[in-house]
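Below you'll find the structure, written out as structure tokens, and then a few comments.
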Amino acid sequence: MFGSISSLHRLSRGLRLRLTITYVVFFTVLLTFLGIFFRQYLSSLYDSQLQAILDEEWGAVRGYVRIENKGTKVNWYYDREEPEEALIVDRLRQTFLLTDQNGSVLYFSPKYEELGIESPKEIRDFLKRKDPVWITKKGADGQTYLVRQQMFIAEDDRPYFVAIGRSFQERQRIIEQFTRSYSIMLPLMIVTASLLGWFMAGRALSPINDVARTAHRITGSNLRIQIPPRGAHDELDKLIDAFNRMIERLDASFQQTKQFSTDVSHELRTPLTAIRGQLEVALLAAKTPEQYQDAILNALEDVERLSQTIRALLQLSLAESGQLALQKQPLDLTALIHNLMEQFYIPAESGRVELITELAPGVVVEADKVQIERLVSNLVSNAIKYTPEGGRVTVALEDHGRDAVLIVRDTGVGIPPDHLPHIFDRFYRVPTPGREKSPERGLGLGLSFVAWIVKEHRGHIDVQSKSGEGTTFLVRLPHGDLSDYERQANASYVTPSS
Ligand code: ADP
């Protein structure tokens with residue numbers, strides 16, 4: 001018991017761990033991708049910003065650069081008193097190259113020289129097109145520069161080559177900072193997510209553990225335990241509800257089994273006590289052979305009743321445990337009932353009960369002949385048995401499309417409403433004062449059999465009764481998978497209503 005509880009804990013912990021790991025792996029992958037995406041986004045954002053700055057500076061070139069001396073001298077034309085202008089020109093001149101159309105350098109900044117000045121041929125080739133070209137160059141300090149190169153038409157209407165550049169240093173710094181901060185944050189976030197995941201998985205699984213613990217507490221003697229639902233109406237509440245219902249069903253079946261054992265012992269003990277009494281009296285008091293014979297005959301009657309009970313019980317338990325296989329075949333119900341009725345006319349007559357049959361012709365069902373005979377016999381013999389002199393028993397068979405309907409109606413003693421729900425229980429007999437010891441008293445097993453037979457044929461049984469007025473049993477039996485042709489071919493007997 002303890003072993004299984006601890007293995008249960010291990011199992012739930014395993015599940016909790018698996019859920020947490022799945023969650024953390026998913027979370028980590030998601031965060032890593034998000035980090036890479038933002039890093040990329042940041043860098044492309046910075047690139048376009050750098051391009052915009054260089055575009056702006058290109059505009060400034062037009063404003064501040066003058067080429068004089070027939071295209072041989074570069075002059076920076078701006079107000080030196082104006083700090084803002086001085087700053088712009090300073091910035092511009094930091095990474096700057098200007099050549100004439102033959103590639104002869106007119107102006108260069110030391111920084112641009114460090115990045116490498118293009119050869120005159122390259123410049124001549126380049127000047128064949130007008131659009132700006134963006135390239136990256138690496139400086140001696142290892143820094144990368146974005147360079148904008150474009151043809152520049154000066155005031156003398158001659159083309160020149162201008163290149164301006166800006167370092168990526170800032171971008172690099174920002175991205176490195178982002179990467180650093182993110183790599184510190186990531187493990188922290190993963191640890192927090194793991195703890196949160198572990199906690200949430202524990203919370204989600206705790207009702208399952210409750211169910212498991214309760215299941216372990218359940219034994220045959222405390223089947224009244226119920227797990228309180230949490231009121232969330234979710235899957236777990238459904239599980240708890242299903243579990244509670246299962247316990248209820250188990251409880252009902254346990255109670256039934258207990259009741260059944262009590263009933264069986266009682267049923268077997270009563271005739272045994274009677275036999276013993278009769279034999280003891282005979283042994284002590286009988287004097288003549290006739291008295292002995294009487295005692296033995298009485299004892300034999302009880303023995304017969306005892307073996308009847310045991311036989312019926314055995315059959316019923318075989319039936320209910322599924323060991324009594326049904327032999328279903330197309331069966332002419334009209335003919336079967338008509339023939340069966342023969343054996344009831346004499347008992348009906350001797351009880352002064354009128355027996356009437358109203359059978360629809362050619363009603364065929366797919367059913368087990370022996371069991372259907374047993375069903376009809378049980379209902380009809382009960383009806384005759386519980387109908388006093390002058391009464392009437394009607395056996396009717398009707399065809400209701402998909403079902404055949406058997407109705408056994410009597411004008412007998414009826415069944416009181418509080419006993420009605422139990423008449424299909426094993427050994428249940430409606431107590432009738434004065435008849436407890438009567439030899440006609442049944443075993444209380446007949447209707448249990450009837451109920452089983454109806455269920456096995458996927459049918460339905462209904463009973464209506466009024467004390468002192470009579471009882472009606474209505475049995476619906478589906479025709480089964482029979483085709484119209486099979487039904488007609490098997491309807492061997494057509495009765496006139498009698
Ligand atoms: P039994 O062998 O006692 O007839 P059944 O299982 O056939 O057992 O029936 C159970 C009880 O139902 C009977 O004891 C009887 O009290 C009641 N019962 C069955 N059929 C009728 C009926 N047609 N009219 C009145 N009571 C009936």
Side-chain angles (χ1 to χ4, degrees), residues 256 259-260 262-264 266-268 270-271 301-302 304-320 337 340-341 343-344 347-348 351-358 371-396 405-456 459-475:
Q256 218 181 350
Q259 183 62 39
F260 180 61
T262 319
D263 289 346
V264 170
H266 180 75
E267 287 304 315
L268 299 184
T270 315
E301 260 174 33
D302 277 329
E304 178 53 29
R305 191 177 160 76
L306 203 60
S307 49
Q308 251 183 39
T309 310
I310 292 172
R311 248 198 324 270
L313 262 179
L314 216 65
Q315 284 238 0
L316 194 61
S317 69
L318 276 182
E320 288 183 347
I337 297 173
L340 211 56
M341 280 307 125
Q343 67 192 64
F344 289 107
R352 296 190 198 291
V353 173
E354 189 187 358
L355 184 57
I356 300 173
T357 50
E358 294 168 358
Q371 301 305 340
I372 296 293
E373 276 177 354
R374 173 179 265 167
L375 179 151
V376 179
S377 299
N378 267 317
L379 292 180
V380 177
S381 66
N382 271 353
I384 297 175
K385 191 160 71 175
Y386 296 106
T387 302
E389 286 188 8
R392 191 189 318 122
V393 170
T394 313
V395 179
V405 178
L406 167 71
I407 301 162
V408 180
R409 184 182 300 121
D410 65 58
T411 57
V413 294
I415 304 163
D418 46 333
H419 293 287
L420 213 49
H422 304 290
I423 55 167
F424 295 103
D425 295 350
R426 284 180 282 201
F427 291 123
Y428 197 84
R429 281 161 297 201
V430 179
T432 33
R435 277 186 74 176
E436 260 72 20
K437 297 232 157 55
S438 140
E440 268 185 52
R441 188 169 161 265
L443 300 174
L445 294 174
L447 287 182
S448 309
F449 252 119
V450 168
W452 175 78
I453 296 167
V454 172
K455 191 175 124 226
E456 287 300 298
H460 184 78
I461 185 161
D462 231 350
V463 52
Q464 285 177 351
S465 188
K466 249 191 179 160
S467 279
E469 286 185 22
T471 309
T472 303
F473 281 92
L474 191 144
V475 179

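The residues of the chain are indexed from 1 along the displayed sequence. Atoms within a ligand are numbered from 1 in the order they appear, just like the ligands themselves. The figures that follow rest on heavy atoms only: side chains count, while hydrogens, waters and symmetry mates do not.
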Do S448 and F427 come close enough that some side-chain heavy atom pair is under 4.5 Å?
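They are not in side-chain contact.
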Min side-chain heavy-atom separation I461-F424 under 4.5 Å:
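Result yes, sub-4.5 Å side-chain heavy-atom pair found.
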Where's the contact between [X] and ligand 1, heavy-atom distance under 4.0 Å: side chain, backbone, both or neither?
| X | answer |
| --- | --- |
| I415 | side chain |
| V430 | both |
| H419 | neither |
| L445 | backbone |

Looking only at heavy atoms, which two atoms of [X] and [Y] are closest? And how far apart?
| X | Y | value |
| --- | --- | --- |
| V353 | P388 | CG2-O, 3.9 Å |
| D263 | R426 | OD2-O, 4.0 Å |
| L447 | L379 | CD2-CD2, 3.9 Å |

Would you mind writing out the side-chain donor-acceptor pairs for residues 468-475 within the sub-3.5 Å range, not counting sequence neighbours?
from : atom 1 : to   : atom 2 : distance (Å)
T471 : OG1    : S465 : OG     : 3.0

Below 4.0 Å from any atom of ligand 1, is there a heavy atom belonging to G412?
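So G412 does not count as touching ligand 1.
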Got more than 12 heavy atoms from elsewhere within 6.0 Å of CZ, R392?
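Counting neighbours around CZ of R392, 12 or fewer heavy atoms of other residues, nucleotides or ligands fall under 6.0 Å, so no.
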So with a 6.0 Å cut-off around CD of Q464, is the heavy-atom count from everything else above 12?
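Result for CD/Q464: open.
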Which is closest to atom 9 (O) of ligand 1 by heavy-atom distance: L420, N378, L447?
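Among L420, N378, L447, the closest heavy atom to atom 9 (O) of ligand 1 comes from L447.
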Quick one: which of F427, Y386, F424 has a heavy atom closest to atom 15 (C) of ligand 1?
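Result: the heavy atom closest to atom 15 (C) of ligand 1 is in Y386.
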Find all atoms of ligand 1 within a distance of less than 4.0 Å from any non-hydrogen atom belonging to [X], and give their numbers and elements.
| X | answer |
| --- | --- |
| I423 | 10 (C), 12 (O) |
| G444 | 1 (P), 2 (O), 3 (O), 6 (O), 8 (O) |
| G414 | 25 (C) |
| G446 | 5 (P), 6 (O), 7 (O) |

Report yes if some N/O of R429 lies less than 3.5 Å from some N/O of ligand 1; otherwise report no.
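Such a contact does not occur with ligand 1.
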